[in-house]
K.L.:
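Before I ask anything, let me first share the structure, which is written out below as structure tokens.
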Amino acid sequence: AEGNLKRMQQKITDCFNDIIREFEKEYGVDPMTINKVTAVGNTTMSHLLLAVDPQSLALAPFSPGFTGPVSVNAKDLNLTVNENAIVNVLPNIAGHVGSDIVAVLLSSGLREMTGANLVIDIGTNGEILLACSESVLACSTAAGPAFEGACIQQGMRAATGAIEGVIIRQGEVELSVIGDAKPVGICGSGLIDCVAELLKSGMINKKGKLLTEAEAKKAGLPDSLAKRLVVGENGNSFILYSDRDGSCIFITQKDIREVQLAKGAILAGIRIMMQELKLEDKDIDNVFLAGAFGNYIKKESALTIDLLPKISSDRVISIGNAAGAGACMALL
């Protein structure tokens, strides 16, 4: 296992070294003049970067191998920078509350805001910060697999060919596909859109059950939508796209259940923290969405499926790669 840990560490530092080479090419920065590095990441990645055994993170009570900040010499990590350079890894807080959310806390300015404000970073874990007056709470929820395309039958990451947006209007399905290519799968933002649109159009009920073609017709839904409902080997499905050669992109009943699990996990985390601070939905001033996913998610869809507290959509704000910005602030 020790050997594998070192291999994983090497994989990460290889990526770092690729970035450093890119930096040299793009900006003419001599890597040997780099004498300080700041790294942030989720707890698992921080463990692997430092070659600390992460196994305890997979077992209850999900204790990290270390908490707090760590400083190491760049040469111990085989980084191609000045050999005396120091690498500062921002602190891990708890099992799955890592230095990435610490960096988000820095760059979002959450602690300086008035009122009650929420930051959600939806990655492999949905990491959440809630701040009100002097208190800041943090928690982590297991959300990633659905939103990053794993566990979803035709799920994929946000790459060329991924359906990233879905609109159902007047009986027609309109898709936005990354790279304007032929659809080959569906990514997280498309998934949330799809479930929200199916809910709004009456194709799924409040409990997340997908109707059959007969049920949809009986409910008076347009034939153009009803005929997209098919029964496959994995239960009911809704066809989003079909090609002349017979290939289809569809969302299954199981996919919808996966979205409900992930969404339920995030909302449960938010609700528990709100209870701790005795807050109700009406008390929340802003919800900030961090991370790549937060940039792409359509906030109206997130509100439709109750992924977020019930607040007006103008108070849901995307703040982009807040962890990266926080890492820059810590470095400077």
Side-chain angles (χ1 to χ4, degrees), residues 96-97 100-101 104-105 107-110 113-132 135-148 152 158 164-167 186-201 204-208 255-323:
H96 287 282
V97 183
D100 48 357
I101 203 74
V104 171
L105 180 60
S107 66
S108 63
L110 193 68
M113 291 176 195
T114 53
N117 295 281
L118 197 61
V119 176
I120 306 170
D121 188 348
I122 304 174
T124 311
N125 298 311
E127 290 177 301
I128 308 164
L129 295 165
L130 176 62
C132 182
S135 302
V136 182
L137 299 182
C139 83
S140 175
T141 61
F147 296 146
E148 293 190 337
I152 302 298
E164 62 171 344
V166 179
I167 295 172
I186 184 164
C187 68
S189 58
L191 197 61
I192 289 180
D193 265 9
C194 183
V195 173
E197 291 292 306
L198 289 172
L199 186 62
K200 285 197 296 196
S201 61
I204 58 179
N205 66 17
K206 271 289 182 198
K207 290 186 174 175
D255 295 340
I256 294 166
R257 296 292 183 225
E258 290 287 346
V259 172
Q260 285 177 285
L261 276 175
K263 175 240 114 139
I266 288 176
L267 193 64
I270 294 169
R271 291 267 177 253
I272 290 166
M273 293 204 297
M274 284 171 67
Q275 277 172 15
E276 283 286 312
L277 298 182
K278 299 183 171 47
L279 297 171
E280 293 174 26
D281 286 14
K282 64 175 173 27
D283 303 321
I284 303 289
D285 290 292
N286 298 289
V287 175
F288 298 97
L289 300 176
F293 192 59
N295 261 350
Y296 297 111
I297 188 172
K298 202 185 289 164
K299 52 193 181 180
E300 290 77 13
S301 295
L303 289 163
T304 297
I305 67 165
D306 290 337
L307 177 66
L308 309 173
K310 288 181 173 30
I311 68 168
S312 62
S313 67
D314 60 332
R315 289 190 287 155
V316 180
I317 301 151
S318 287
I319 56 170
N321 184 2

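In this chain, numbering begins with 1 at the start of the sequence shown.
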K.L.:
Test: salt bridge (charged side-chain N to carboxylate O under 4.0 Å, His left out). Region: residues 279-297. Which pairs qualify, not counting sequence neighbours?
P.N.:
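As it turns out, the salt bridge (charged side-chain N to carboxylate O under 4.0 Å, His left out) pairs with a partner in residues 279-297, which skip direct neighbours, are Arg271-Asp281, Glu280-Lys282.
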K.L.:
Do you know which two heavy atoms are closest between Leu110 and Ala131, and how far apart they sit?
P.N.:
CG-CB, 3.6 Å
K.L.:
Give the minimum heavy-atom separation between Leu303 and Ser312, together with the two atoms involved.
P.N.:
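The pair with the smallest heavy-atom distance is CD1-C, 4.5 Å.
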K.L.:
Measure the CG-OG distance between Asn286 and Ser108 for me, rounded to the nearest 0.5 Å.
P.N.:
11.0 Å
K.L.:
For Asp121 and Gly291, which heavy atoms make the closest approach, and how far apart are they?
P.N.:
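Here Asp121 and Gly291 meet closest at OD1-CA, 3.7 Å.
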K.L.:
Determine whether Ile311 and Leu308 satisfy the following criterion, side-chain contact (heavy atoms from CB on, under 4.5 Å), listing intermediate values before the conclusion.
P.N.:
CA-CA 8 Å; Ile311 68 168; Leu308 309 173; over 6 Å; no
K.L.:
Without placing hydrogens or testing angles, list every side-chain donor-acceptor pair under 3.5 Å for residues 189-201, not counting sequence neighbours.
P.N.:
from	atom 1	to	atom 2	distance (Å)
Ser189	OG	Glu164	O	3.0
Asp193	OD1	Ser301	OG	2.6
Asp193	OD2	Val166	N	3.1
Asp193	OD2	Lys298	NZ	3.1
Glu197	OE1	Ile168	N	2.8
Glu197	OE2	Lys200	NZ	3.1
Ser201	OG	Glu197	O	2.9
Ser201	OG	Leu198	O	3.3

K.L.:
Any side-chain to backbone donor/acceptor pair from Ser107 onto Ala322? Under 3.5 Å, distance only.
P.N.:
yes
K.L.:
Working to the nearest 0.5 angstrom, can you tell me the gap between Lys299 NZ and Asp314 CG?
P.N.:
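The CG atom of Asp314 is 7.0 Å from NZ of Lys299, to the nearest 0.5 Å.
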K.L.:
What are the two closest non-hydrogen atoms of Val97 and Ala138, and how far apart are they?
P.N.:
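Minimum heavy-atom contact is CG1-CB, 3.9 Å.
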K.L.:
Starting at CG of Asp100, measure out to CG of Asn321 and round the result to the nearest 0.5 Å.
P.N.:
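Result: 10.0 Å between the selected atoms.
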K.L.:
Would you say CZ of Phe288 has more than 12 non-hydrogen atoms from neighbouring residues, nucleotides or ligands within 6.0 angstrom?
P.N.:
yes
K.L.:
Do Ile297 and Leu307 pass the side-chain contact (heavy atoms from CB on, under 4.5 Å) test, and can you show the C-alpha distance, the side-chain angles, and the key distance before you say yes or no?
P.N.:
CA-CA 11 Å; Ile297 188 172; Leu307 177 66; 3.8 Å; yes
K.L.:
To the nearest 0.5 angstrom, please state how far the SG atom of Cys187 sits from the CD1 atom of Ile152.
P.N.:
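Between atom SG of Cys187 and atom CD1 of Ile152 there are 11.5 Å.
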K.L.:
Taking atom CD1 of Ile186 and atom CG of Asp255, what is their separation to the nearest 0.5 Å?
P.N.:
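Result: 8.0 Å between the selected atoms.
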K.L.:
Please report the shortest heavy-atom distance between Ala323 and Val104, naming the atom on each side.
P.N.:
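Closest pair (atom of Ala323, atom of Val104, distance): N-CG2, 3.7 Å.
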K.L.:
Could you go through residues 263-270 and list every donor-acceptor pair under 3.5 Å that involves a side-chain atom there, pairing it with any protein atom two or more places apart or in another chain?
P.N.:
from	atom 1	to	atom 2	distance (Å)
Lys263	NZ	Ile305	O	3.3
Lys263	NZ	Asp306	O	3.4

K.L.:
So which atom in His96 and which in Glu127 form the shortest heavy-atom distance, rounded to 0.1 Å?
P.N.:
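Minimum heavy-atom separation between His96 and Glu127: O-OE2, 2.8 Å.
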K.L.:
Quick one: CD1 on Ile272 to CG on Leu130, what's the gap to the nearest 0.5 Å?
P.N.:
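The CG atom of Leu130 is 12.0 Å from CD1 of Ile272, to the nearest 0.5 Å.
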